[in-house]
**Q** 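Can you keep this structure in mind? I'll have questions shortly.
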Amino acid sequence: MPELPEVEVVRRGLERWVAHRTVAEAEVLHPRAVRRHLAGGEDFARRLGGHRIGVPGRRGKYLWLPLEGTGVTGQAILAHLGMSGQLLVQPHSAPDEKHLRIRIRFTDALDTELRFVDQRTFGGLSLHETTPEGLPDVIGHIARDPLDPLFDDDAFHRALRRRRSTVKRALLDQSLISGVGNIYADEALWRSRLHYERPTSTLTGPRTRELLGHVRDVMNDALAVGGTSFDSLYVDVNGESGYFDRSLDAYGREGEPCRRCGTPMRRRPWMNRSSYFCPRCQRPPRAAS
DNA sequence: TATCCGACCTGTTGGC
DNA sequence: TGCCAACAGGTCGGAT
């Protein structure tokens, strides 16, 4: 499931294989894949044609392809992979994937096209105006991610202290810190020895900095091996899977011994998903059980 | 205003 | 063998 490291791997692939190419035509094969483009699939396809693609950007789990020659403000194709989205650079002759949703062809003689493939259709592409900073306007509410040099650790700590919430909810709140999903939240909390229900208002400055350090470490570790992949749902633009699932310490390890203390790891239903933790290393706060 | 939580979506797995 | 429920989870928008 794509979180920040996986999206960054895809962004780098797009920079290598798609940047500086000019769109010949786009084909929308499933309307839900462009549902965030309010003017619809036909409009999306028509407005892409003839534009050269700039260097891809990313914030958190969103990535975008700037379109050159789209006026003073500029426009960009915004992409979110959702749960199962893939952006693949494929030869024209490759058979269509079962869940191919959007195809973009280019004017050059290179024998490849860009495909958006998405089984569960939680992801999608859309076209938006960009801000003076080059950010698509609809993701202005998304916070900087922890790998962004301009991410403000102290401001993040102050925001946590103001919240009447719990630490894992805060990590998943993309308006506070972006790019963290269920997998890396559990990994960073395990490394920090923090229970997922720990109230944010009880975190000290040093504890927040330690948590942020672990968030960055786990993301950088995943990035170094091409991201996490449990199955074929997450792949880079060439269809290759990452290897970080072999390094996970918490996520998906219910019943297996904690790698620190040997206690069997637990899974708890949490907000229609799961939280994995060590009951000994990550003690629940007094109010929770 | 802040926080919480259901809906969306489809393939896989396990139980009966 | 076939049916059905549970599960995976990022984001949005309605409810509290």
Side-chain angles (χ1 to χ4, degrees), chain A residues 1-8 10 29-38 58-64 78-87 97-102 116-126 128 136-143 145-146 156 158-189 196-201 215 219 222 227-235 241-242 244-245 248 250-255 266-277 287-288:
Chain A
M1 291 134 238
E3 298 183 30
L4 187 153
E6 292 73 38
V7 177
E8 176 58 20
V10 171
L29 301 160
H30 194 301
R32 195 174 144 78
V34 290
R35 67 190 180 285
R36 295 188 71 176
H37 188 84
L38 301 179
R58 181 188 59 74
R59 175 169 286 192
K61 301 170 206 168
Y62 285 93
L63 63 86
W64 63 88
L78 181 64
H80 197 293
L81 302 180
M83 289 285 297
S84 53
Q86 302 172 1
L87 280 164
E97 291 75 9
K98 183 177 178 187
H99 301 291
L100 176 61
R101 309 301 190 194
I102 299 171
F116 180 69
V117 176
D118 193 3
Q119 174 196 103
R120 296 177 202 169
T121 63
F122 275 49
L125 306 186
S126 48
H128 302 280
D137 55 10
V138 292
I139 59 167
H141 64 292
I142 301 293
D145 61 65
F156 177 67
R158 288 194 296 275
L160 285 188
R161 296 284 300 198
R162 279 196 301 271
R163 289 244 158 171
R164 285 172 302 179
S165 188
T166 51
V167 64
K168 187 169 173 181
R169 283 179 195 278
L171 284 177
L172 296 183
D173 186 338
Q174 305 295 301
S175 67
L176 274 183
I177 180 172
S178 68
V180 184
N182 200 42
I183 298 171
Y184 295 126
D186 279 358
E187 292 301 308
L189 289 170
Y196 58 95
E197 294 280 8
R198 171 77 172 258
T200 51
S201 58
V215 170
M219 286 182 166
T228 299
S229 183
F230 299 99
D231 47 38
S232 60
L233 285 185
Y234 161 70
V235 291
S241 292
F244 192 65
D245 57 317
L248 293 174
Y251 186 86
R253 297 195 66 244
E254 182 182 22
R266 287 193 187 155
R267 179 180 78 90
R268 286 284 177 273
W270 183 84
M271 285 186 66
N272 290 328
R273 24 182 80 65
S274 294
S275 276
Y276 295 88
F277 67 105

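Below, chains carry the letters A, B, ... as their sequence lines are ordered, and counting in each starts from 1.
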**Q** Using atom NE2 of A:H141 as one end and atom P of C:dT11 as the other, report the distance to the nearest whole Å.
**A**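 Taking NE2 of A:H141 and P of C:dT11, I get 8 Å after rounding.
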**Q** Quickly work out the A:L171 CG to C:dG10 P distance and round it to whole Å.
**A**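 Interatomic distance, CG of A:L171 to P of C:dG10: 12 Å.
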**Q** Compare side-chain N and O positions of A:R267 against OP1 and OP2 of C:dA8 and report whether any pair is under 4.0 Å apart.
**A**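 So the side-chain polar atoms of A:R267 do come within 4.0 Å of the phosphate oxygens OP1 or OP2 of C:dA8, strictly under.
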**Q** Between A:R36 and C:dC12, does any side-chain N or O lie under 4.0 Å from OP1 or OP2?
**A**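 The answer is yes; a side-chain N or O of A:R36 sits under 4.0 Å from OP1 or OP2.
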**Q** Quick one: A:L78 CG to C:dT11 P, roughly how many Å, whole number?
**A**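 Result: 11 Å.
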**Q** Is the closest basic N to carboxylate O distance between A:E8 and A:R58 below 4.0 Å?
**A**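 Looking at A:E8 and A:R58, the cut-off is met.
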**Q** How would nucleotides 9-14 of chain B be written as a contact map, 5' to 3', with B for base contact, S for sugar-phosphate-only contact and - for no contact, using protein heavy atoms under 4.0 Å?
**A** BBS---
**Q** Regarding A:D186 and A:K168, does a basic nitrogen lie under 4.0 Å from an acidic carboxylate oxygen?
**A**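 Salt bridge present between A:D186 and A:K168.
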**Q** Keeping A:R32 on the side-chain end and A:R101 on the backbone end, is there a donor-acceptor pair under 3.5 Å?
**A**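 No.
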**Q** Each nucleotide in nucleotides 1-7 of chain B should get exactly one letter: B, S or -. Can you fill that in based on protein heavy atoms under 4.0 Å?
**A** --SSSB-
**Q** C:dT11 C1' sits how many Å from A:I142 CD1, rounded?
**A**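 Whole-Å distance recorded here is 9 Å.
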**Q** Between A:K61 and A:V180, is there a donor-acceptor pair closer than 3.5 Å when you use the side chain of the first and the backbone of the second?
**A**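 Side chain of A:K61 to backbone of A:V180, a donor-acceptor pair under 3.5 Å: yes, one is there.
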**Q** When you measure from the side chain of A:E3 to the backbone of A:I183, do you find a donor-acceptor pair of N or O atoms at a distance under 3.5 Å?
**A**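 Yes; judged by distance alone, with no hydrogens or angles, the pair exists.
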**Q** Could you check if a side-chain atom of A:W270 sits within less than 4.5 angstrom of a side-chain atom of A:R169, using non-hydrogen atoms only?
**A**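 Yes. Closest side-chain heavy atoms under 4.5 Å.
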**Q** Rounding to a whole Å, what distance do you find between A:N182:CG and C:dC7:C1'?
**A**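 One finds 12 Å between C1' of C:dC7 and CG of A:N182, rounded.
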**Q** Just jot down the side-chain hydrogen bond (donor to acceptor under 3.5 Å, both in side chains) partners of A:R161, sequence neighbours excluded, or say none.
**A**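 side-chain hydrogen bond (donor to acceptor under 3.5 Å, both in side chains) check on A:R161 returns nothing, list empty.
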**Q** Check whether A:S178 reaches the backbone of A:A143 with its side chain - one donor and one acceptor, N or O, closer than 3.5 Å.
**A**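 Yes, the answer is positive, given that a donor and an acceptor are paired below the 3.5 Å cut-off.
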**Q** How long is the line joining OH of A:Y184 and P of C:dG10, in whole Å?
**A**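 Roughly 11 Å, once rounded to whole Å.
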**Q** Measure from CZ on A:R35 to P on C:dC12 and round the result to the nearest Å.
**A**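 After rounding, the reported distance stands at 9 Å.
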**Q** For the pair made of CG in A:D145 and C1' in C:dG10, what is the distance, rounded to whole Å?
**A**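 Roughly 16 Å, once rounded to whole Å.
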**Q** Under 3.5 Å, is there a donor-acceptor pair between the side chain of A:Q174 and the main chain of A:G179?
**A**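 Between the backbone of A:G179 and the side chain of A:Q174 there is a qualifying donor-acceptor contact (under 3.5 Å).
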